[in-house]
There are 4 protein chains.
Amino acid sequence: MSETTRRRPGGRSARVRRAVLDATLELVNAHGLDGVTVAEVAERAGVHETSIYRRWRTRENLTLDALLASADEQLPVPDTGAVREDLLRYATALAAYLTTPPGNALDRALAAAGDDPATAHTRSEYWNTRAALSTQIFTRAVDRGELPPQVDPRLAIEMLVAPLHFKAVFTREPLDPALPAQLVDLVLRGLAA
Amino acid sequence: MSETTRRRPGGRSARVRRAVLDATLELVNAHGLDGVTVAEVAERAGVHETSIYRRWRTRENLTLDALLASADEQLPVPDTGAVREDLLRYATALAAYLTTPPGNALDRALAAAGDDPATAHTRSEYWNTRAALSTQIFTRAVDRGELPPQVDPRLAIEMLVAPLHFKAVFTREPLDPALPAQLVDLVLRGLAA
Amino acid sequence: MSETTRRRPGGRSARVRRAVLDATLELVNAHGLDGVTVAEVAERAGVHETSIYRRWRTRENLTLDALLASADEQLPVPDTGAVREDLLRYATALAAYLTTPPGNALDRALAAAGDDPATAHTRSEYWNTRAALSTQIFTRAVDRGELPPQVDPRLAIEMLVAPLHFKAVFTREPLDPALPAQLVDLVLRGLAA
Amino acid sequence: MSETTRRRPGGRSARVRRAVLDATLELVNAHGLDGVTVAEVAERAGVHETSIYRRWRTRENLTLDALLASADEQLPVPDTGAVREDLLRYATALAAYLTTPPGNALDRALAAAGDDPATAHTRSEYWNTRAALSTQIFTRAVDRGELPPQVDPRLAIEMLVAPLHFKAVFTREPLDPALPAQLVDLVLRGLAA
DNA sequence: GGATAAGCGAGACGGTACGTCTCGTCTTTTG
DNA sequence: CAAAAGACGAGACGTACCGTCTCGCTTATCC
């Protein structure tokens, strides 16, 4: 999602892109996902609406683009050498992120996103990337002999992160700080048995 | 959330209410959640648009009311005398429900719903009710001695259902028929340890 | 509002009628003619909306009824024995009335009133009554020999009052206190010649 | 009152403007002032409703704009060299105009118009313009020595036109063809004395 | 003084129109 | 001649009143 076609640092294209994405994130922070309107993004970015539509085509694309770009930066996959610690850090970081405006907005944007091919592609790419990154924790653990080889990393990671997303978008309860540890422990016990 | 006053069952009011909710569900089935338009609901229900706005105030309220009403009927909590069987049936039923148009629509409606007090109340009431029902499976299991008494039923049930909701609204992958059993087993192993 | 103990002439009916008309006038004073809504009249009068519609059928009827009733009381036709004085007092009183909320509202209500037979009848009755009353000033003046017998009283009185109504509803300029005298003098000079 | 910005004549904007105003006048002619609905104007003009609201903001603005524009064309101020003739022609033309659908509608629209600053400005501008034009008849007459210099043109013209407007919106009587002459004579006699 | 007719309270509902909000497209103007 | 500026098209939403209807109850009136 980070801009791939930067030719000159400061080309007009890049400037516009940055300004628009920044403005979008600002608005998400200020008024929430639904408070983002293309007109206002354009105004804040000092760019014409048309220019936004030319690039992103739809508002959904715009918000997704802006939010996805900021997501990866917030969720590095730790490698401490111990599964439990890795998972704990990862779950804690995710829980924290999901309570920030952009984190929450990202989840809601993903939940609301349509099923057209382009969006579907973006969606699956995002989740596959995240899964590929986060399941490394398990594969490394298996390699280290911390977990038996027959563990299903994808299932395991989903049982860990799903409840966090679930609370963030469905129940909207505040996330209990103890929750990550509880989840990690329950998952690890389940895998170890 | 739902309309405020309800008079005699069978009166015009009740007739209108039923017709509208039915029409709403029909439309959800036909065109998906976003394909529901108040005007078309009104037309199908043989009711005037104004009458809908009078009761439900917003489209969001309407769809939520219609979908929530239909949800409980679809998800009875089993009581077979064995935890694993209970959980398996429950998870399977939920997985099945989430792949139906109204089931999927409900999740997306809940994800998209706002944070105003009324909606928040509806939301928490719904999830609390569901949790209260489904956690009975665990309390019964504890009573029967199937599980140790220190299990946290709320946590456990969330680890079971969250991945299903997660896949339904986030990744949108088709639900693997084997998934419920995998989830159940992992959770039960985690709890037993 | 005051007649709570009188039940003979009409009883409940009469009480409702008075309460409604009073409430209507109150609202006219408070929010202007367009600020009168049947719902609010009903509430203030402590009466159900339906009861208002039963009697007056339309909002227009209601406001007209309320305003017309209060009009005649405000505009007695003077009889001082001198045309000029009579006209001056009459014109001054009218000018004053038209600047009060109900006076202004009455004019606007009459201007906005429809052309259905019932309303047309009310309208012509009102204006004919007013004309019949006010032209007495001229007929008495002719009888007294103050004015030549060939004067057209209806024309004369209209040239006197029309500019006042005109300013009240069309130009909406504040009425110059000197205006009545100027009008009277111009008319009298015109008639005398 | 009228829309705020106007670019090149002939552009899309101008086309829309013309089409809408024309459609508005057509509807006034066909169904009267209250028979004008924005939706139908839009349809007849082949324009989207939103475009109308964008420019005129309210239905009141739209009808006033349309009617005012057509008014000036209908009421040229004559200059025959003789006061009586000038006034007679002017009064006759006005009387005729007020019996046409747009003429009548204009008066009713003006009577019904609100008191917000924008409308107030439009109103006073209209009446001031009309007064400035029509009082020329008197000033020219004074210049020619037909009338004494102390005549108040504004008062005089109002005594002439007010009864016509009065009958058009208040009494709704058909205008007697002889009325203009009677008014003119009475006013001129009053001024001459 | 009891029947009965008229009117009222209560609570929707039908219906019309208005004005708003955004999105996404298209034309005009300008550098 | 390409991009900025500024409508416009399109569709839904929600609001404000108006006026109607049904039903049960209360009050005035009449025999």
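For clarity, every value in this text was computed on a predicted model and none was experimentally measured. Residue numbers start from 1 in every chain, and the chains themselves are labelled A, B, ... in the order their sequence lines are given, proteins ahead of strands. Heavy-atom basis, side chains included; hydrogens, waters and symmetry copies ignored.
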5' priority, DNA chain F, between Gly46(D) and Ala39(C) [closest heavy atom]: Gly46(D)

On DNA chain E, more 5' by nearest nucleotide between Val38(D) and Val38(A) is Val38(D)

Side-chain donor/acceptor contact of Thr58(B) with base of dG14(F) under 3.5 Å: no

Options [options], nucleotide nearest the side-chain atoms of [X]:
| X | options | answer |
| --- | --- | --- |
| Tyr53(C) | dG6(F), dG24(E), dC18(F) | dC18(F) |
| Arg59(B) | dC8(E), dG14(E), dG14(F) | dG14(F) |
| Thr50(D) | dA10(F), dA10(E), dG7(E) | dA10(F) |
| Arg57(D) | dT16(E), dA10(E), dT20(E) | dT20(E) |

Taking [atom1] from [X] and [atom2] from [N], how many angstroms apart are they, rounded to a whole number?
| X | N | atom1 | atom2 | value |
| --- | --- | --- | --- | --- |
| Glu43(B) | dG14(E) | CD | P | 14 Å |
| Arg55(C) | dT20(F) | CZ | P | 17 Å |
| Asp34(C) | dA17(E) | CG | P | 18 Å |
| Trp56(B) | dG14(F) | CH2 | P | 14 Å |
| His48(D) | dT22(E) | NE2 | C1' | 12 Å |
| Ile52(D) | dC8(F) | CD1 | P | 10 Å |
| Glu60(C) | dC17(F) | CD | P | 18 Å |
| Glu49(A) | dT25(E) | CD | C1' | 11 Å |

Rounded at 0.5 Å granularity, tell me how far CZ in Arg57(A) sits from CD in Glu60(A). 14.0 Å

Separation between CZ of Arg123(C) and CG of Asp116(C), rounded to the nearest 0.5 Å: 8.0 Å

Is there side-chain contact between Leu67(D) and Leu25(D), with at least one heavy-atom pair below 4.5 Å? yes

Under a 3.5 Å distance rule, please check whether Ser124(A) uses its side chain to pair with a backbone N or O of Ala120(A) as donor and acceptor. yes

Please determine whether a side-chain nitrogen or oxygen atom of [X] lies at a distance below 4.0 Å from atom OP1 or OP2 of [N].
| X | N | answer |
| --- | --- | --- |
| Ser51(D) | dG9(F) | yes |
| Arg54(B) | dT15(F) | no |
| Thr37(A) | dC23(E) | yes |

Determine whether Glu40(C) and His31(C) satisfy the following criterion, side-chain contact (heavy atoms from CB on, under 4.5 Å), listing intermediate values before the conclusion. CA-CA 11 Å; Glu40(C) 201 175 347; His31(C) 310 314; 3.7 Å; yes

Taking any heavy-atom pair under 4.0 Å as a contact, classify Val47(A): base, sugar-phosphate, or nothing. nothing

Pick base, sugar-phosphate or nothing for Val36(D), based on heavy-atom distances below 4.0 Å to the nucleic acid. sugar-phosphate

